[in-house]
A.B. asks: 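Before we start, here is the structure in question, set down as structure tokens.
Just so it is clear, the model here is predicted, and its values are computed rather than measured. Quick note: numbers below take in every heavy atom, side chains included, and nothing from hydrogens, waters or symmetry partners. Start at 1 and go down the list; that is how both ligands and their atoms are numbered.
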Amino acid sequence: MKAYRTEIKPTPEQCRYLAQAFGNARWAYNEFIGFNQARYRHRKDGYGDYGYCNAYAVAARYSLAKLLHARVEGNVRKATVAQARLLNELLVCACLPAVDLNTLGPDLARLLLDALTEARQLPRYEPWMDLAHSKSVKQAFINADKAYAKLFANRKTGKTTKGRKGKTLAGPRFKKKNRSKDSIYLVEHIRVERHRIKMPGMGWVRLKEYGYIPIGTDTVSSVTVSRVAGRHYVSCTPKRNTVETHEPRHDGKTDGLGIDLGIKNLAAMSDGTLIDNPNRRKEPRRLSRKLKRQQRALARKLERITVRTYHEEGKDKGKVKQVNYKRPLKECRNIAKTRLAIQKTWQRITNIRHDHMDKAIDQLVGQEPRFITIEDLNIQGMMRNRHLSRTLAEQELGRFVTHLKAKCAEHGIELRQADRWYPSSQLCSDCGYRNTAVRNLNIRAWDCPSCGVHHDRDVNAAKNLKAATEYTVIA
Ligand SMILES: [Zn+2]
């Protein structure tokens, strides 16, 4: 289902609220993991048969912790029957006598709260958690739960989850400030008008793009608010699928299209058109140089406030043992400013690249070909791009395929992926002669030794892809 992502313009007050909400969601996510890890370590048999404490169980325990905390403060809120029952169940687990939750005094409430937290029966609760809407806290638990569910699903199938340096993970990782994406998820009570959106906890927030999200009180089922490089975005999931599917217009006039993805050009098409690589244009190159300068500046600033100790002996001799900060990092405003500037430059480059890519895809699909054939990227894409940062190439060409897939599905175009071992760049598209000398990536153009036709490397590959007979249909 299509999600509507667009930028919002929150007031300074709403920005502060969001900063708090992002922090709370991250804290809740981490608390879920920390709580389960502590329970895991506490038990001799690891997770055993009992699995882990899921999102609903943690949310119920969290609200109980919150209630007990209110009691400590002398704030008497009536407990539900379920909460009273849960408290007694937890007390039994911790070998403590049962109590009546509704007549609990502040002192006993404090005692129970501390004892149950210590016994890993209750997650922690912090008063500042109430500064943001509780809905997003519950969703943070659900997100962390999903990460756990994945771990357990992998255990069942015998697949182990490998982390960095190939270590088997004991569970999901903690989210780190400045390293993880800031986002909150909200459901229900969302209203949209032409120029603004109403969300729980924030009231009306102005939109930067008018009339894009479906207008109404019941059109959007959930919203993810995120912050990227100092800007705020909403991603709305509509209740009804509003994507218009175009009827395919295969009237015989249209033909198929082969696309060869690459580095020098983003894509070459079988009809001879080339889409250039946006990274090679003037503006992204200027921004890349700027990014490097900013990264050097950040490195210098960090260098100034850190003290490194090195290993004196052993196999790690000469390596960094510990990094200490002369003053807390969060106090260093200039470092924070440089970090934000880096994020902004990086985002600008990404936006240019994505815009370019999306326009290219629109143009391809707009031709309404009968089918589109692409190569199997997993192997070939990587081999070709080894001189580039591998992850970057993967991500971006992967993004191209994902978006192309979605667009093809929308327009009723068959998307084919050629067989992995199909030698699309080596065959002559005119006579079918296989020229193995073309394996050399530096050969950009060649003449067929058999029939003498002059070929551009990428366009020839695209032509062969179009003619491929062994393929899988992926959209
Ligand atoms: Zn030939």
Side-chain angles (χ1 to χ4, degrees), residues 248-280 356-357 360-388 390 393-394 396-398 400-401 404-405 407-408 411 413-475:
R249 280 195 283 162
H250 302 150
D251 46 12
K253 273 180 272 175
T254 52
D255 195 11
L257 200 62
I259 305 174
D260 178 73
L261 298 173
I263 285 300
K264 190 166 178 295
N265 294 300
L266 176 67
M269 291 186 273
S270 52
D271 61 6
T273 355
L274 298 170
I275 300 168
D276 72 336
N277 181 346
N279 294 337
R280 289 176 176 237
H356 181 80
M357 201 181 258
I361 291 171
D362 273 347
Q363 194 210 327
L364 286 175
V365 173
Q367 294 177 16
E368 308 220 328
R370 202 155 51 79
F371 64 85
I372 293 177
T373 313
I374 52 170
E375 66 205 299
D376 191 328
L377 279 174
N378 295 334
I379 293 283
Q380 294 205 326
M382 259 190 245
M383 289 205 305
R384 282 184 193 184
N385 304 346
R386 87 189 108 183
H387 53 287
L388 259 193
R390 210 171 89 171
E394 267 173 25
E396 294 301 298
L397 292 182
F400 186 91
V401 176
L404 185 64
K405 227 167 148 177
K407 281 282 171 188
C408 282
H411 287 255
I413 298 166
E414 188 177 285
L415 183 63
R416 298 169 177 178
Q417 191 165 45
D419 186 81
R420 179 168 293 187
W421 306 112
Y422 182 57
S424 58
S425 47
Q426 292 172 23
L427 296 175
C428 165
S429 55
D430 264 42
C431 69
Y433 176 82
R434 184 167 177 178
N435 185 1
T436 43
V438 188
R439 248 185 297 193
N440 182 349
L441 293 171
N442 294 325
I443 301 175
R444 304 303 317 163
W446 51 287
D447 294 310
C448 175
S450 173
C451 69
V453 176
H454 184 73
H455 290 302
D456 172 275
R457 179 194 182 88
D458 298 335
V459 174
N460 177 57
K463 281 181 182 164
N464 285 323
L465 283 166
K466 181 187 164 187
T469 48
E470 279 175 45
Y471 55 82
T472 34
V473 176
I474 57 172

A.B. asks: With distance as the sole test, does N464 use its side chain to make a donor-acceptor pair with the main-chain N or O of S424 at under 3.5 Å?
C.D. replies: yes

A.B. asks: Are the side chains of I259 and L465 in contact, using a 4.5 Å heavy-atom criterion?
C.D. replies: no

A.B. asks: If we only look closer than 2.8 Å, how many protein N, O or S atoms does the Zn ion (ligand 1) have near it?
C.D. replies: 4

A.B. asks: Sorted by first residue and then second, give each salt bridge (charged side-chain N to carboxylate O under 4.0 Å, His left out) pair with at least one member in residues 422-442; sequence neighbours left out.
C.D. replies: none

A.B. asks: If we ignore hydrogens and angles and just use 3.5 Å, is the side chain of D260 paired with the main-chain N or O of V459 as donor and acceptor?
C.D. replies: no

A.B. asks: Say whether, by atom type as modelled, one donor and one acceptor occur between the side chain of H356 and the main chain of D276 under 3.5 angstrom.
C.D. replies: yes

A.B. asks: Check each of P449, S450, C428 against N435 using the side chain to side chain contact (heavy atoms under 4.5 Å, CB included) test, and report the only one that passes.
C.D. replies: P449

